[in-house]
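Each chain gets a letter, A, B and so on, in the order its sequence line appears, and its residues count up from 1.
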Amino acid sequence: MPELPEVETVRRGLLTLLVGHTVKKVTHDTPKSFPNAMADVEQFLVGATVTDIRRRAKVLMIDLSSQYSLVIHLKMTGQIVYRGELVFGAGHPNDSLIGTLPDRSTRVEFELDRGAKLFFNDQRKFGWVRLIPTIEIPNIDFMKKVGPEPLDVNFTDKEFIQRLQRRKNTTIKAAILDQTVLAGVGNIYADEGLWGAKIHPATRVKDVAENKLKKLFTELRYILELSIEKGGSTDRNYVNAEGKKGSYISFARVFRKEGTPCQRHPDTLIKKIKVAGRGTHICPECQKL
DNA sequence: CACTTGACCTGTCCGC
DNA sequence: TGCGGACAGGTCAAGT
């Protein structure tokens, strides 16, 4: 769920809401969600001020004045939600969007100055928050192997094709979901991009013509940009930093559209199949093996 | 090494 | 209505 556009939307929200706040206190209910020693929390988090919010792939980074950062992966059901007296008062309409916090999915609660709070909620406990020195972020395993940012202007379609073709015997869907090939694409945008490029998701990479791969790159970039514009996709759990849902899903052409007509072939219904172990949505007419 | 599958979790939905 | 099982999808570990 939280893929590149969703994490980017959270980043932009936090940039406005969180930068400048000082952390007063931290509590968590699940060691798995926040595995740091409390001694580190006391020394490098409590009393520190938020200086910047960054994103790489689907990973969010909250930089602190202590030269440490909160590194966050939302995985499937993670949420980062800010609640501040300056933005939401009691009875504010946004309260109804996500309910009262903390709730039973709240894993970490950050108390901030000026009465504000930051919540890390995660129903399924796959996500995590880690406090690490800012300078060491590039050395964590994920950062060392993650591929280029799709929206980086220096990432050329030639390189995209080269990186994809390293996985020549796997399916094209598995290849674009592989974070070492390129960063940030998950199940929703994989399906949307493959429909846009008219490629069947189960096609082996080696069997996809280069002009189609080039088209796929263009489509993925277009879709990711459009989704950021729409505030991301809310399928089930995702909300932005203010607890609000995204609207991209209403623009989706195939994702969760099974049984509805294809936009290019009104007589053909979108079908749901399984590729690379994931629910996959296709138009059987424009995406053939 | 390349590739696939299962595990991690919990809530929801579907069929009986 | 209750209950079991399938499903949701990001990443890593373990398996082929």
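- Residues A:Glu8 and A:Arg12 are paired through a salt bridge, judged by an N-O separation under 4.0 Å between the basic side chain and the carboxylate.
- The separation between A:Ile188 atom CD1 and C:dA8 atom P is 12 Å, rounded to whole Å.
- More than 12 heavy atoms of other shown residues, nucleotides or ligands fall within 6.0 angstrom of atom NZ in A:Lys206.
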Given the rule in the side chain to side chain contact (heavy atoms under 4.5 Å, CB included) test, do A:Ile172 and A:Leu213 qualify, once you have shown the distances and angles that lead to the verdict?
CA-CA 9 Å; A:Ile172 185 70; A:Leu213 293 178; 3.7 Å; yes

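- Distance, A:Asp178 CG to C:dG10 C1': 12 Å, rounded to whole Å.
- A sub-4.0 Å separation between OP1 or OP2 of C:dG10 and a side-chain N or O of A:Gln179 is absent.
- Between A:Glu149 and A:Phe155, the closest heavy-atom pair is O-CD2, 3.4 Å.
- One interatomic measurement links the two molecules: CZ of A:Phe120 to P of B:dC9, which rounds to 14 Å at whole-angstrom precision.
- You won't find any donor-acceptor pair under 3.5 Å spanning the side chain of A:Arg167 and the base of B:dA2, going by distance alone.
- Look at CZ on A:Arg124: it is 12 Å from P on B:dT12, rounded to the nearest Å.
- Considering only side-chain atoms of A:Lys145, the nucleotide from C:dG10, B:dC9, C:dC12 that sits closest is C:dC12.
- Distances shorter than 4.0 Å separate some side-chain N or O of A:Arg278 from OP1 or OP2 on C:dG10.
- For the P atoms, the distance from C:dC3 to B:dC9 is 25 Å, rounded to whole Å.
- Following rounding to the nearest Å, A:Lys206 (NZ) and B:dC3 (P) show an atom-to-atom distance of 9 Å.
- The side chain of A:Lys272 lies closest to C:dA8 when the candidates are C:dA8, C:dC12, B:dG11.
- The distance from atom NE2 of A:His281 to atom P of C:dC7 is 13 Å, rounded to the nearest whole Å.
- Counting any heavy atom pair closer than 4.0 Å across all strands shown, A:Gly277 reaches no nucleic acid atom.
- For A:Lys125, no side-chain nitrogen or oxygen approaches OP1 or OP2 of B:dC8 to under 4.0 Å.
- Between A:Lys58 and C:dT11 there is a side-chain N or O to OP1 or OP2 distance below 4.0 Å.
- Not one side-chain nitrogen or oxygen of A:Lys75 sits closer than 4.0 Å to the OP1 or OP2 atom of B:dC8.
- Across C:dG10, C:dT11, B:dT4, the shortest atom-to-atom separation from the side chain of A:Thr170 is found for B:dT4.
- Within the nucleic acid shown, A:Arg204 comes within 4.0 Å of sugar-phosphate atoms alone, with no base atom in reach, counting heavy atoms only.
- In this entry the distance linking CD of A:Glu3 with C1' of C:dG10 reads 9 Å, nearest Å.
- Applying side chain to side chain contact (heavy atoms under 4.5 Å, CB included) to A:Ile199 and the options A:Glu219, A:Gln287, A:Lys212 leaves one that passes, A:Lys212.
- Side-chain proximity of A:Gln123 to the nucleotides B:dT10, C:dT11, C:dA8 is greatest for B:dT10.
- Closest non-hydrogen pair, A:Thr49 versus A:Gly20, comes out as CG2-O, 3.6 Å.
- Contact between the side-chain N/O atoms of A:His73 and the OP1/OP2 oxygens of C:dG10 is not found at any separation under 4.0 Å.
- Pairing for B:dA2 is with C:dT16, a Watson-Crick or G-U wobble pair whose two hydrogen-bonding atom distances lie under 3.5 Å.
- Considering only side-chain N and O atoms, A:Asn169 lies under 4.0 angstrom from the phosphate OP1 or OP2 of B:dC3.
- The aromatic ring of A:Phe126 does not sit over the base of C:dT11; the criterion of centres under 5.5 Å apart with planes under 30° is not met.
- A:Asp29 has its CG atom 13 Å from the P atom of B:dC9, to the nearest Å.
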